[in-house]
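Okay, structure first, notes after.
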Amino acid sequence: MRPIRLPEPPIGRRSATEVFEAGIYGIIKRVVVIGNGFSGAENQCIGLVRALGLSGCLTLYRVTRPRGGINKWLHWLPVSLHKKLDYVIRQICIYSGVQVEARWSKVVPFAVEKTGLSSVIEADAKQIAMMARDTFEKEGPLLVIASGRDTISVASSIKRLATENVFLVQIQHPRSRLNRFDLVITPQHDYYPLTPHGQRQIPWFLRRWITPRRPPARHVVLTVGALHPADSAALRSAASVWHDELAPLARPLLVVNIGGPTSSCQYGADLAKQLIAMLQNVLWSCGSVRISFSRRTPEKVSKILLKEFSSNPKVYIWDGEGPNPHMGHLAWADAFVITADSVSMLSEACTTGKPVYVIGAERCTWKFADFQKSLRERGAVCPFTGKEDISESWSYTPLNDTAEAASQVMKALAAQGWTIDA
């Protein structure tokens, strides 16, 4: 097994002097995460909570949207208005005698299992703010961490209703009115629209509506990629859990992670066929290959790869049954091939310090092309061409976004006279 080159988070237990100086009402011992039901957003919150040493003090709430039927066309609406409109439509259907299947977004157990929580509560800003105020003297300040567009209104309302009792961190760019948040953590490519190249891609009459519209403020923390929970402790644990299955595999082990097309990184069966040809060309240099699909992977893409490699003894394809091997793959892989659409998967892989090959980067546009460029400039990734020798390696400074963001949270809390009981 190759060593996992992951820096330890710089967050440790506070000394007695530091705790005393913070005051009995200035110690944060609890955190509320506002999620949206999507692991890509919620994992960023979970990762930051882990880096702050507060995993055992976490309560997870979710903001959920109606699903099914006409609702898939209404995601551009604010979530509160979307829910009201969905309610009206259902009432009209019931009154008209039309049977409607209630298909609200399911609560995914993924993040719940990671945090040891038994249930997830629908986020209610008034109730959370009231809890923060009523328990402040006994429990101290409340740290609120939210991620995703649908969580912005709830999280900012909590801060407005309990200003003196809450410290609010919003992950991913809120687009406007950043003064609603104590700290904003967002990738630097979110500011791509401000660059000369980005400006040339926006029609002049739309520029004032494209956010962000100004350089980052002092309370905005810029990262290279996405935050995530794949820190050194998590990967050491995963290495142990997956030892019996992954340790005996022939080396080098190449892990292939396939996401799904997005509006800014479009592809389909054509990319799957391209990937097959490239993998066939590098199989000679691989001891073994493990392929995983995400929830966003189109069925036509997965079927093409399954048909090609299902009978190859060197290749194993995870079919979605049983435990997800993703963390085990991060711990045990010698190299990765990852589709360019997934900022999260690339961020996690580039944290390990192992070689990361990207396929499909030339299909990315807008700020996602800028993200790919930043990784290449750091030497963290190379384009996958099918001419590689997977046994060869290279070195780069691993991404450390989550730990660095946690350090910035600690500094911002200290400026307010608060500290974390970690």
Side-chain angles (χ1 to χ4, degrees), residues 6-12 14 28 31-36 39-55 57-58 60 111 114-115 141-149 151-152 155 159 166-175 178 180-191 212 215-235 330 342-353 367 371 374-375 378 380 397-416 418-422:
L6 285 151
E8 295 288 347
I11 307 302
R14 291 283 167 177
I28 292 180
V31 55
V32 161
V33 164
I34 311 294
N36 59 3
S39 58
E42 292 184 357
N43 269 350
Q44 297 199 57
C45 299
I46 302 301
L48 182 58
V49 171
R50 282 181 58 89
L52 291 169
L54 291 170
S55 293
C57 312
L58 166 64
L60 175 62
K114 283 183 178 264
T115 57
L142 176 66
L143 177 61
V144 176
I145 303 176
S147 180
R149 177 171 61 93
T151 69
I152 291 172
K159 178 63 179 179
V166 167
F167 189 91
L168 174 59
V169 178
Q170 186 73 35
I171 302 174
Q172 298 182 340
H173 206 285
R175 298 178 181 270
L178 271 59
R180 294 175 290 173
F181 313 96
D182 293 302
L183 206 65
V184 173
I185 301 174
T186 190
Q188 60 189 20
H189 58 256
D190 274 345
Y191 283 85
R218 291 180 60 186
H219 71 305
V220 176
V221 176
L222 297 184
T223 61
V224 176
L227 307 188
H228 55 80
D231 57 25
S232 55
L235 291 193
L330 286 173
S342 180
V343 175
S344 294
M345 289 194 296
L346 285 167
S347 299
E348 290 171 337
C350 290
T351 302
T352 67
K367 64 181 184 180
F371 170 62
S374 70
L375 292 182
R378 293 175 64 94
T397 302
L399 297 190
N400 196 26
D401 285 329
T402 308
E404 291 172 359
S407 178
Q408 293 300 315
V409 172
M410 294 288 286
K411 289 180 181 178
L413 286 168
Q416 193 161 312
W418 291 350
T419 187
I420 288 179
D421 181 24

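Note that the numbering runs from 1 along the sequence shown for the chain.
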Value rounded to 0.5 Å, distance of CD in Gln44 from OG1 in Thr402: 8.0 Å

Once you round to the nearest 0.5 Å, how far does CG of Leu48 lie from CD of Gln408? 11.5 Å

First locate atom CD1 of Ile185, then atom CD1 of Ile171, and finally report the distance between them rounded to the nearest 0.5 Å. 5.0 Å

Taking all heavy atoms of Pro229 and all of Arg50, pick out the closest pair and write down the distance. O-NE, 3.5 Å

For Val184 versus Pro174, what's the shortest heavy-atom pair and its separation? CG1-CD, 3.7 Å

In this structure, CG of Leu52 is separated from CD1 of Ile28 (nearest 0.5 Å) by 9.0 Å

So, Asn43 side chain and His228 main chain: donor-acceptor pair closer than 3.5 Å or not? no

Non-hydrogen side-chain atoms of Ser374 and His189 separated by less than 4.5 Å: no

Any non-hydrogen side-chain atom of Gln170 less than 4.5 Å from a side-chain atom of Ile152? yes

Tell me, do Tyr191 and Pro216 make a side-chain contact under 4.5 Å, heavy atoms counted? yes

Side-chain contact test, heavy atoms from C-beta onward, threshold under 4.5 Å: evaluate it for Thr223 versus Glu404 and give yes or no. no

Write down the atom of Pro398, the atom of Arg378, and the distance for their closest heavy-atom approach. O-NH2, 4.2 Å

Nearest 0.5 angstrom please: Asp231 CG to Asn400 CG, how far? 10.0 Å

For Leu168, does its backbone N or O pair with a side-chain atom of Asp182 as donor and acceptor, under 3.5 Å? yes

Nearest 0.5 Å, what's the CH2-CG distance between Trp418 and Leu143? 9.5 Å

If I compare all heavy atoms of Asp401 with all of Gly225, which pair ends up nearest, and what's the gap? OD2-N, 2.8 Å

Between the side chain of Thr351 and the main-chain N/O of Ser347, is any donor-acceptor distance below 3.5 Å? yes

Short question: side chain of His219, backbone of Ala412 - any donor-acceptor pair under 3.5 Å? no

Can you list the steps and then say if Leu413 with Val409 is a side chain to side chain contact (heavy atoms under 4.5 Å, CB included)? CA-CA 6 Å; Leu413 286 168; Val409 172; 3.9 Å; yes

Report yes or no: does Gln188 contribute a side-chain atom to a donor-acceptor pair with the main-chain N or O of Leu222 at less than 3.5 Å? no

